[in-house]
Protein chains: 2
Amino acid sequence: MDREATLHDVAGKVGVSPRTVSRVVNDEGGYSPETRKKVLAAIEELRYRPNMVARALITKRSGTVGLVGGDMTDPFFPALAEGIQHRAREAGQTMFFASTGSDPDRQAEVLRSFWARAVDGVIVFPALDSIDQLTDYGRRGLPIVVVDDLVEAPNVACVLFDLPEGGRLAAQHLLSAGRRRMGVISATVSPPRRRHRERGFVAALTETQGDHLPAVTAEADPTVRGGEAGFAELLSLMPDLDGIFAYNDLVAIGAMRAAAASGRRVPDDIAVVGCDDIEMSTYITPALTTIRLDRGRLSNEAVAALGDLIDAPAQRRPPVVLPVELVARESA
Amino acid sequence: MDREATLHDVAGKVGVSPRTVSRVVNDEGGYSPETRKKVLAAIEELRYRPNMVARALITKRSGTVGLVGGDMTDPFFPALAEGIQHRAREAGQTMFFASTGSDPDRQAEVLRSFWARAVDGVIVFPALDSIDQLTDYGRRGLPIVVVDDLVEAPNVACVLFDLPEGGRLAAQHLLSAGRRRMGVISATVSPPRRRHRERGFVAALTETQGDHLPAVTAEADPTVRGGEAGFAELLSLMPDLDGIFAYNDLVAIGAMRAAAASGRRVPDDIAVVGCDDIEMSTYITPALTTIRLDRGRLSNEAVAALGDLIDAPAQRRPPVVLPVELVARESA
DNA sequence: ATCGTTGACGTCAACGTTGACGCCAACGTT
DNA sequence: AACGTTGGCGTCAACGTTGACGTCAACGAT
């Protein structure tokens, strides 16, 4: 458990200055091939590893990115985190992770903590309804990528899915299956500003059928239990409901369970469309028809956008909108 | 985007030395109440935040812990990560996260990266079959908590579930339901040393029935697809199979799907017991009978063990073994 | 022969913080 | 009156690295 080797140790061994060793380590040039070889050998022998903390102190670049999430147990999230972590590591970055439980105070605390640790950038998802925090940090020079929301501020880039289109696709699919008495289950945690899928859904209904077409709405937690409760609420509003568009797949699964428990068959009596396309949606019966959101692509775009922002700060760039598609399975 | 305030700035504003400000920030004592008040006010006004990087450089404590996981998309994992992150944040630590895809080289890279960033400790899960890496870092002074494996080395503590007991419980449950022709689906990624649940299962069978009792084994990926493949393999080995113990719930779900696809009813024709108790196991039909592993408790114990290790290094401590229980639902 | 250029280094300070130590006045003790 | 103790600070160096700049020899061009 003796001290770690430093640039000084390597330099002493080779007989050059620490600065030269640093040049070799960073591929800066300004040394002869023989020196390089000797330095590399000494590094190997002493098992020298650059101290990222010291480097970060002077360069102001720590080689880390922070991921601020809502709740890791949301099945949509792990794939995102995994993708971001993977991409970041390819770029030589290490990922901090913290979840906020959708609490603005905790989000603030997390951002402070990341900032104090000199992260090179953060990816935030979901943004809650407190974007002032983000614009504030953006102004102070922190590159931020916001997933699934639109924030207009310096150093902030946005990556989101075309959820209005997702809502439209769901509506068209249900309409073309002959459904006319629709319900939407929305999420309580989702602020009104961000109800794009719901708006797209309703918009498509009115476009196609005129605004006499009924569509009732319930609010629920974005979980299976929430979906069960949401189904009950919809049913109390419209007992002869025949089509449901759910906030996400967990909610859709809950709604299907509640439908089955109430003696209704899916899709014969009630058709259900979810959103996300989590893995489990393939495996339940009936398999869930849903709006697929490509999380892998989202991760890539988010990391890429963050990289751009880090390399060329203060440059405005338009939001990246990712396409969605409807995956027709058995539930609708 | 002007420079961040430092101890010097605060000191200059108040008219004391930076060292005194540092004392106040760290609650060290050695200053008068009035000084304290003035310093605090200046800190507030200048929005001073201690620079963790500089602090880490000198104290060798960065206030970070690293989590090394296999694959975040394994449904067992997010709850663990969430719990650890939560606990760590309560202790003022920020969590690094990286997944290795169960590749020893990537695990090595991740550990190097964490080490270079001066993490105060790491939690590793699963440990793959390359524990030399871990013992090496442990010897170099890195506190390590290994989840779900036993590693005997300085600075390494272990937290694991009583999986042999889990296997026994599964066996007893299947036996008492009258099953006699058993199959086990194990995971290819799980090294032989760690097949405790399988050994417990087989041990209970032989204890109860003598060793004439057949139990066939298949290997598969720890996924739903893997479970489907594993079921086919078991069936080819023992066509009149009537009981299955699966590596985890995903595998169990796959096995149930394959059973249904082959025209067999669960649990009437084949009983299936899983392991983990992921949320989805409640929601599928038939609901899965499984060995529950309490991830929340695991997170708590892991973070607690890591905290102990950080505060009192080099002290041996016995592995923490967490109890498991069988949750009987519909599938067995 | 002189001069600028280039390559290959070395020197020094700085990043922001804390550990070790020193100083000085006020106070109580003998 | 001399002495130790304590509270309340300040000073200085160090953590390991890199940015800015300096130096010096070798070399080609004039």
Side-chain angles (χ1 to χ4, degrees), chain A residues 2-40 42-43 46-64 92 112-113 115-120 141, chain B residues 2-40 42-43 46-64 92 112-113 115-120 141:
Chain A
D2 37 354
R3 213 172 42 84
E4 283 294 291
T6 72
L7 284 181
H8 279 84
D9 303 327
V10 178
K13 179 148 198 120
V14 179
V16 296
S17 78
R19 194 61 186 80
T20 296
V21 180
S22 168
R23 277 189 264 255
V24 172
V25 169
N26 293 7
D27 266 340
E28 280 181 43
Y31 41 79
S32 68
E34 308 94 74
T35 307
R36 188 184 123 88
K37 203 174 295 179
K38 283 191 286 183
V39 167
L40 255 26
I43 285 176
L46 297 177
R47 304 179 77 194
Y48 166 76
R49 294 269 129 204
N51 181 325
M52 293 305 194
V53 176
R55 184 180 283 180
L57 183 59
I58 183 142
T59 61
K60 313 283 181 193
R61 289 281 204 101
S62 62
T64 61
R112 265 204 304 276
S113 155
W115 175 256
R117 288 183 169 80
V119 293
D120 296 340
Chain B
D2 37 353
R3 214 172 41 82
E4 283 295 290
T6 72
L7 284 181
H8 278 85
D9 303 328
V10 178
K13 179 149 197 118
V14 179
V16 296
S17 77
R19 193 63 186 80
T20 295
V21 179
S22 168
R23 278 190 263 256
V24 172
V25 170
N26 293 4
D27 266 338
E28 282 180 43
Y31 41 79
S32 68
E34 311 93 73
T35 307
R36 188 185 122 88
K37 202 175 295 178
K38 283 191 286 182
V39 167
L40 255 26
I43 285 176
L46 297 176
R47 305 178 76 192
Y48 166 77
R49 295 268 130 205
N51 181 325
M52 293 305 194
V53 176
R55 182 179 285 179
L57 183 59
I58 183 143
T59 61
K60 313 281 180 197
R61 289 281 204 105
S62 62
T64 61
R112 265 203 306 275
S113 156
W115 175 257
R117 288 183 168 80
V119 293
D120 296 342

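Sequence lines set the chain letters: A, B, ... in the order given, protein chains first and strands last, and positions in each chain run from 1. Please read these numbers as outputs of a predicted model, since none were measured by experiment. Computed from heavy atoms alone, side chains included, the values below leave out hydrogens, waters and symmetry copies.
Remark: D:dT6 base-pairs with C:dA25. Criterion, Watson-Crick or G-U wobble with two distances under 3.5 Å.
Remark: the backbone N or O of B:Glu4 is not paired with any side-chain donor or acceptor of B:Arg49 at under 3.5 angstrom.
The OH atom of B:Tyr31 sits 17 Å away from the C1' atom of D:dT6 (whole-angstrom rounding). Regarding A:Ile58, its CD1 atom lies at a distance of 17 Å from the P atom of D:dA14, rounded to whole Å. Atom CZ in B:Arg61 sits about 15 Å away from atom C1' in C:dG19, given to the nearest Å. One can place CG of B:Leu7 at 20 Å from P of D:dA14, the figure rounded to the nearest angstrom. If you measure from atom CG of B:Leu46 to atom P of C:dG16, you get 14 Å, rounded to the nearest angstrom. Summarising the geometry, the separation between CZ on A:Arg55 and P on D:dT17 is reported as 8 Å, rounded to the nearest angstrom. Between A:Ile43 atom CD1 and D:dT17 atom C1' there is a gap of 13 Å when expressed in whole angstrom units. Here the P atom of nucleotide C:dC15 and the CE atom of A:Met52 are 22 Å apart, to the nearest Å.
Put simply, A:Ser22 has a side-chain N or O that comes within less than 4.0 Å of OP1 or OP2 on D:dT18. OP1 and OP2 of C:dC15 both lie 4.0 Å or more from every side-chain N or O belonging to B:Asn51. Taking only side-chain nitrogens and oxygens, A:Ser32 never comes nearer than 4.0 Å to OP1 or OP2 of C:dG7.
Listed nucleotides: C:dT18, D:dT18, D:dT17. Nearest to the side chain of A:Thr6: D:dT17. Proximity note for B:Leu57 (side chain, C-beta onward) versus D:dC15, C:dG19, C:dG10: the nearest is D:dC15. Candidate nucleotides C:dC9, C:dG19, D:dG10 were compared by shortest atom distance to the side chain of B:Thr20, and D:dG10 ranks first. Comparing C:dC9, D:dT18, D:dC15 against the side chain of A:Thr35 picks out C:dC9 as the nearest. If you check D:dT17, C:dG10, C:dA8 against the side chain of A:Ser17, the one that comes closest is C:dG10. Listed candidates were D:dG16, D:dG19, C:dG19. Nearest to the side chain of B:Lys60 is D:dG16. Distances from the side chain of B:Thr59 to the nucleotides C:dT18, D:dT18, C:dT17 place C:dT18 closest.
Of all non-hydrogen atoms in B:Val53 and B:Asn51, the two that sit nearest each other are N-OD1, 2.8 Å. When all heavy atoms of A:Leu7 and A:Tyr48 are compared, the pair lying nearest together is CD2-OH, 3.4 Å.
Between the side chain of A:Arg49 and the base of D:dG16 there is no donor-acceptor pair of N/O atoms closer than 3.5 Å.
Counting only heavy atoms from C-beta outward, the side chains of A:Thr64 and A:Arg117 never approach each other to under 4.5 Å. Under the 4.5 Å side-chain criterion, counting only non-hydrogen atoms from C-beta, B:Val21 is not in contact with B:Val14. Taking 4.5 Å as the limit, some side-chain heavy atom of B:Val25 sits within range of a side-chain heavy atom of B:Arg55.
Nucleotides of DNA chain D nearest to A:Pro18 and A:Arg23 differ in position, and the one nearer the 5' end is that of A:Pro18.
Across all strands shown, A:Arg19 has heavy atoms under 4.0 Å from base atoms, whether or not it also approaches the sugar-phosphate. Contact annotation for B:Val16: backbone-only contact, meaning every heavy-atom pair under 4.0 Å involves sugar-phosphate atoms and none involves a base.
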